[in-house]
Amino acid sequence: MSGYRLRDAGPGDGIALTEALVEAANWNSDRQRPRVQVLADPVRRRYIASWPRPGDAGVIAVDDEGGPIGACWFRLFPADRPGLAGIAGVPELILGVRPVWRAQGVGRAMLAAVLGKAAAAGHSRVSLSVDKGNFAQRLYISEGFTVVSSTPTTDIMVRTVR
Ligand SMILES: CC(C)(COP(=O)(O)OP(=O)(O)OC[C@H]1O[C@@H](n2cnc3c(N)ncnc32)[C@H](O)[C@@H]1OP(=O)(O)O)[C@@H](O)C(=O)NCCC(=O)NCCS
């Protein structure tokens, strides 16, 4: 692949975020769900609804032509309408990279950038939900996330950001 760069996610990036949300939901190549089915899930839709809301922040990775190849962002949910991680007062992070661009450092670069944004926004922690068996967890552990709770299928991970 050729080069990529990161830029801040803005109001026009709803489609890029949606694509990354679908990639994240479909991380397991043996269990691919149609895009429409992923987006029909009311909890998953919460991560992109009305993007950007006050307090949202993220980055888009773009290729040499400026086309989006991945996205990473965080959103703070109200306690009565949580996301998948569900820790009150702690924003949740979503990360996805297009398949042909994976394993080239894009995900780690976006994650580092967004952790910096969370700290700059005054958050003390960020959270995420990751399915057991998803190698993304290796990335999260190597970037300082720890598991704070689990179900039989999912780990909730948290990282201190300042
Ligand atoms: C998870 C994901 C975002 C990582 O982004 P990426 O650009 O592929 O990752 P990077 O190249 O930055 O690699 C970061 C680390 O991830 C792990 N990793 C990446 N590709 C891997 C692979 N094919 N097999 C095993 N581990 C891998 C490694 O630990 C790697 O660190 P290293 O390069 O020091 O060994 C990306 O693969 C993706 O979009 N996956 C599908 C969606 C998803 O699972 N999102 C997260 C949901 S919680």
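One is the number of the first residue; the rest follow in order along the sequence. Bear in mind that the values here come from a model prediction, so they are computed numbers and not experimental data.
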Verdict with supporting geometry, Phe74 and Leu128, side-chain contact (heavy atoms from CB on, under 4.5 Å): CA-CA 9 Å; Phe74 66 78; Leu128 57 83; over 6 Å; no
Check against side-chain contact (heavy atoms from CB on, under 4.5 Å), Asp13 and Trp73: CA-CA 11 Å; Asp13 288 318; Trp73 70 102; over 6 Å; no
Report yes or no: do Leu111 and Val158 belong to one cluster of Ile/Leu/Val/Met/Phe/Trp/Tyr joined by side chain heavy-atom distances under 4.5 Å?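 Per the 4.5 Å side-chain linkage, Leu111 and Val158 are not co-clustered.
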Has Ser127 got a side-chain atom pairing as donor or acceptor with Pro91's backbone, closer than 3.5 angstrom?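 Indeed, once roles are kept as given, a pair shorter than 3.5 Å links the two residues.
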Listed pairs under 3.5 Å, donor-acceptor, residues 76-84 side chains, sequence neighbours left out:
none

How long is the gap from CD on Gln32 to CG on Asn26, to the nearest 0.5 Å?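 One gets 4.0 Å once the value is rounded to the nearest 0.5 Å.
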Within the 4.5 Å heavy-atom criterion, are Val97 and Glu23 side-chain neighbours or not?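 Not in contact.
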Distance in Å, Cys72 SG paired with Leu6 CG, rounded so as to fall on 0.5 Å steps: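 One finds 9.5 Å between SG of Cys72 and CG of Leu6.
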Minimal non-hydrogen separation, Pro11 against Pro52, with atom names: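 Scanning both residues completely, I find the closest heavy atoms to be CA-CD, 3.7 Å.
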Identify the two heavy atoms, one from Tyr4 and one from Ala109, that lie closest to each other, and give their separation to 0.1 Å.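 For Tyr4 and Ala109, the tightest heavy-atom pair comes out as OH-CB, 3.6 Å.
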Common cluster, Val100/Ile15, ILVMFWY with side-chain heavy-atom separation under 4.5 Å: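 Different clusters.
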Between Ile48 and Ile94, does a side-chain contact (heavy atoms from CB on, under 4.5 Å) hold up when you go through it step by step? CA-CA 10 Å; Ile48 48 171; Ile94 289 279; over 6 Å; no
Does Ile141, at its CD1 atom, have more than 12 non-hydrogen atoms belonging to other residues, nucleotides or ligands within less than 6.0 Å?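 Enclosed.
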One thing to verify: whether Arg108 and Glu143 come together as a salt bridge, which I'm taking to mean a side-chain N less than 4.0 angstrom from a carboxylate O.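 Result for this pair is yes, salt bridge flagged.
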Supply the atom-to-atom distance His123 NE2 to Leu115 CG, rounded to the nearest 0.5 angstrom.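 With rounding to 0.5 Å, NE2 (His123) is 12.0 Å from CG (Leu115).
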Given side chains that start at C-beta, do those of Leu95 and Leu139 come closer than 4.5 Å, heavy atoms only?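 SC-SC contact between Leu95 and Leu139 confirmed.
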To the nearest 0.5 Å, how far apart are CG in Asn28 and CG in Asn134?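 So the CG of Asn28 and the CG of Asn134 are separated by 8.0 Å.
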How long is the gap from OG1 on Thr146 to CE on Met157, to the nearest 0.5 Å?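 Answer rounded to 0.5 Å: 6.5 Å.
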Given side chains that start at C-beta, do those of Arg159 and Leu93 come closer than 4.5 Å, heavy atoms only?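 Side-chain contact under 4.5 Å: no.
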Which residues pass the salt bridge (Lys or Arg N to Asp or Glu O under 4.0 Å) test with Arg75, sequence neighbours left out?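 If we apply the salt bridge (Lys or Arg N to Asp or Glu O under 4.0 Å) test to Arg75, skipping adjacent residues, the hits are Asp56.
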Residues forming a side-chain contact (heavy atoms from CB on, under 4.5 Å) with Ala112, sequence neighbours excluded: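 Here no residue qualifies.
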Would you say that Trp27 contacts Val130 through its side chain, given a criterion of any heavy-atom pair below 4.5 Å between the two side chains?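 Contact flag for Trp27/Val130 side chains = no.
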hydrophobic_cluster_shared for Val106 and Val59, side chain cutoff 4.5 Å: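 Yes: a chain of side-chain contacts under 4.5 Å links Val59 to Val106.
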Is there any side-chain hydrogen bond (donor to acceptor under 3.5 Å, both in side chains) pair reaching into residues 109-119, and which pairs are they, with sequence neighbours excluded?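 Counting only pairs at least two positions apart or across chains, the side-chain hydrogen bond (donor to acceptor under 3.5 Å, both in side chains) contacts touching residues 109-119 are Asp8-Lys117.
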Taking side-chain contact (heavy atoms from CB on, under 4.5 Å) as the test, write out the residues that go with Ser150, two or more places apart.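 side-chain contact (heavy atoms from CB on, under 4.5 Å) list for Ser150, sorted by chain: Lys132, Val147, Asp155.
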Give the cluster check for Val38 versus Val43: same hydrophobic cluster or not, with ILVMFWY residues linked at side-chain heavy-atom distances below 4.5 Å.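 Yes; tracing contacts between hydrophobic side chains, which count when under 4.5 Å, links both residues.
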Would a single hydrophobic cluster contain both Leu17 and Ile69, if residues Ile, Leu, Val, Met, Phe, Trp and Tyr are joined by side-chain heavy-atom contacts under 4.5 Å?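 Cluster IDs for Ile69 and Leu17 differ.
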How close do Ile60 and Ala16 get, counting heavy atoms only, and between which atoms?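 Between these two residues, the closest heavy atoms are CD1-CB, 4.0 Å.
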Taking only residues at least two apart or on different chains, which pairs with a member in residues 44-54 satisfy side-chain hydrogen bond (donor to acceptor under 3.5 Å, both in side chains)?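 For residues 44-54: Tyr47-Glu92.
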